[in-house]
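Excluded from the calculations below are hydrogen atoms, water molecules and symmetry mates; all remaining heavy atoms, backbone and side chain alike, are included. The sequence lines fix the lettering, A, B, ..., with proteins before strands; numbering per chain opens at 1.
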Protein chains: 2
Amino acid sequence: MINLTTRQSEIFEFIKKEIESNGYPPTRSEIAKVFGFKSPNAAEDHLKALKKKGVLNIVSGASRGISIIKEDLGIPVIGLVSAGGPILAQENIEKRIPSSQNILSHGVDFYLRVRGDSMIEAGILENDLIAVNKKTQIKEGAIVIARINDEVTVKTLKSISPDLVILQPENSNYSNIEVNPKTEDLAFEGTCVGLLRDFA
Amino acid sequence: MINLTTRQSEIFEFIKKEIESNGYPPTRSEIAKVFGFKSPNAAEDHLKALKKKGVLNIVSGASRGISIIKEDLGIPVIGLVSAGGPILAQENIEKRIPSSQNILSHGVDFYLRVRGDSMIEAGILENDLIAVNKKTQIKEGAIVIARINDEVTVKTLKSISPDLVILQPENSNYSNIEVNPKTEDLAFEGTCVGLLRDFA
DNA sequence: ATCATACCTGTAATTATATACAGTATTAAT
DNA sequence: ATTAATACTGTATATAATTACAGGTATGAT
């Protein structure tokens, strides 16, 4: 999608909200009123711009003939992460789950399919999907998605300090991973905010 | 919902279809045209009838001010099950999750909040929500929701025969539950088809 | 038998709405 | 420096749309 301006985003979001709450789209005048425009033509201009940018469709002559073009790709499900590249690279995306179906309380940036049994004692099994939020502040005690030298792993963050990060598997067969961020390549991809298991 | 007449259903379905495909509701004239009415007032009459029957809402004065009232209550989340009564009794329903948000591959009849730690070795922890399907055939090896003498429990179904049902907890601290369906009150509420954990 | 409801036609008026045209000011790109 | 895009005001008008009123017919219920 071509980037919308701040104003255009506001208008676009308003239209979406109206459709959601009323069940039908707003008129030019309604938009103008809400945004304080003194002319419905201001809204008309915005609609034309939004149509041009391909985010909505306008049926000429029809009242409220506005419909949003949903290009909502949904929340990506990350399968096996290939070494190198960013975690959200196209080749890692297994499928997408519509974001409207997000029933978790936190925002979910992506789902990661769990490989291995290192977290079974935390009730996280192989093939489960863990919901990951990228923005949540990384905290000790949380279950985090870390990348160590191109290896992506899910572990409990035991402790964090400038020269020592301890990642703890939740499986007594495995031992803690100790990383020195100064000498090793360590990045946090996000925090686990949910879990999804499908008994297919 | 009060029963709609055949004609009313046709009109109602058409309106829903229009909203789905166009993104906005039809006008009286559009309805009239599609159904061959020679007057938009025929459509008006139908809309009034449909409003009276509570299936849609009409905003007076607004063009296309039609919205369908969704009676979809969503999938119930069952908290603590009170002894006696059916599992889906009103007093057991903690909240509802819109069925449109169901991302699991099987149909989900309700979610059950897990109490206790008897299934931790199957990765099912306290407070997780397990998605339950009532219709799936109860099979050995599946995780089932059983009711034994008014006690609702989640266990793996180890074996089933006319006079002995063995339910296995997935926690080595607990031992198997053996029930004779002929002498004890045993009912299967459904099969676990998914799991949802929210790190709130 | 009468009444309510469903299901229409036909007309018409008010209002809601889209949308063109003519401007103005600001900002980002070439 | 000029052009294009953004973000509006202000006016005007054709037409889209709601919706009332006045009928008509058929059907099932009281």
> Classify the side chain of B/Asn41 and the base of C/dT9 as holding, or not holding, a donor-acceptor pair under 3.5 Å.
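Side chain to base: pair found, below 3.5 Å.
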> Whether the A/Arg115 and A/Asn127 side chains hold a donor-acceptor pair (N or O, under 3.5 Å, no angle test) is what I'd like checked.
yes
> So, is A/Ser63 near the phosphate of D/dA17, with a side-chain N or O under 4.0 Å from OP1 or OP2?
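Yes.
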> Choose from D/dT19, C/dT19, C/dC7 the nucleotide whose nearest atom is closest to any side-chain atom of B/Ser60.
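For B/Ser60, the side-chain atoms sit closest to D/dT19.
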> Between B/Glu18 and B/Asn22, do the side chains contain an N or O donor and an N or O acceptor separated by less than 3.5 Å?
yes
> Does a side-chain N or O from B/Lys53 land closer than 4.0 Å to OP1 or OP2 of C/dA6, or not?
yes
> Quick one: CZ on A/Phe199 to CG on B/Asn133, what's the gap to the nearest 0.5 Å?
13.0 Å
> Please tell me whether A/Phe37 and A/His46 form a close aromatic pair, meaning their ring centres lie under 6.0 Å apart.
yes
> Do any side-chain nitrogens or oxygens of B/Arg7 fall under 4.0 Å of OP1 or OP2 in C/dA6?
no
> Please determine whether a side-chain nitrogen or oxygen atom of A/Ser39 lies at a distance below 4.0 Å from atom OP1 or OP2 of D/dT11.
no
> Atom CZ of B/Arg64 to atom C1' of C/dT17: distance rounded to whole Å?
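One finds 10 Å between C1' of C/dT17 and CZ of B/Arg64, rounded.
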> Tell me whether the side-chain N/O atoms of A/Lys33 come closer than 4.0 Å to OP1 or OP2 in C/dT17.
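False: A/Lys33 side-chain N/O out of range (4.0 Å or more) of C/dT17 OP1/OP2.
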> On DNA chain D, nearest-nucleotide positions of A/Asp45 versus A/Pro40: which is more 5'?
A/Asp45
> Find the distance A/Lys38:NZ to D/dA7:C1' and express it as a whole number of Å.
14 Å
> For D/dA20, does either OP1 or OP2 sit under 4.0 Å from a side-chain N or O belonging to B/Lys48?
yes
> Can you tell me how far C1' of D/dT6 sits from CD of A/Glu44, to the nearest Å?
15 Å
> Has B/His46 got a side-chain N or O lying under 4.0 Å from the OP1 or OP2 atom of C/dA6?
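False: B/His46 side-chain N/O out of range (4.0 Å or more) of C/dA6 OP1/OP2.
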> Measure from CD1 on A/Ile31 to C1' on C/dT17 and round the result to the nearest Å.
12 Å
> Establish, with yes or no, whether the OP1 or OP2 oxygen of D/dA16 is under 4.0 angstrom from a side-chain nitrogen or oxygen of B/Thr27.
no
> Does C/dA18 have OP1 or OP2 sitting under 4.0 Å from an N or O in the side chain of A/Arg28?
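Checking A/Arg28 against C/dA18: at least one side-chain N or O falls below 4.0 Å of OP1 or OP2.
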> For B/Ala62, answer base if it contacts any base atom (sugar-phosphate contacts may also be present), sugar-phosphate if it contacts only those atoms, and nothing otherwise; contact means non-hydrogen atoms under 4.0 Å.
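Sugar-phosphate, backbone atoms only, no base.
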> Whole Å only: how far is the CD atom of A/Glu10 from the P atom of D/dT6?
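Rounded to whole Å, this separation is 15 Å.
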> Would you say the side-chain atoms of A/Ser63 and B/Arg64 include a donor-acceptor pair closer than 3.5 Å?
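A donor-acceptor contact under 3.5 Å links the two side chains.
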> Write down the distance between CZ (B/Phe35) and C1' (C/dA6), rounded to a whole number of angstrom.
15 Å
> Tell me whether the OP1 or OP2 atom of C/dT5 has a side-chain N or O from B/Gln8 closer than 4.0 Å.
no
> Are B/Thr156 and B/Glu170 close enough that a side-chain donor and a side-chain acceptor fall under 3.5 Å?
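Yes, because at least one side-chain N or O of B/Thr156 sits under 3.5 Å from a partner of the opposite role on B/Glu170.
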> Which whole-number value in Å describes the distance from B/Lys52 NZ to C/dA6 C1'?
11 Å
> What's the CD1-C1' distance between B/Ile66 and D/dT18, to the nearest Å?
10 Å
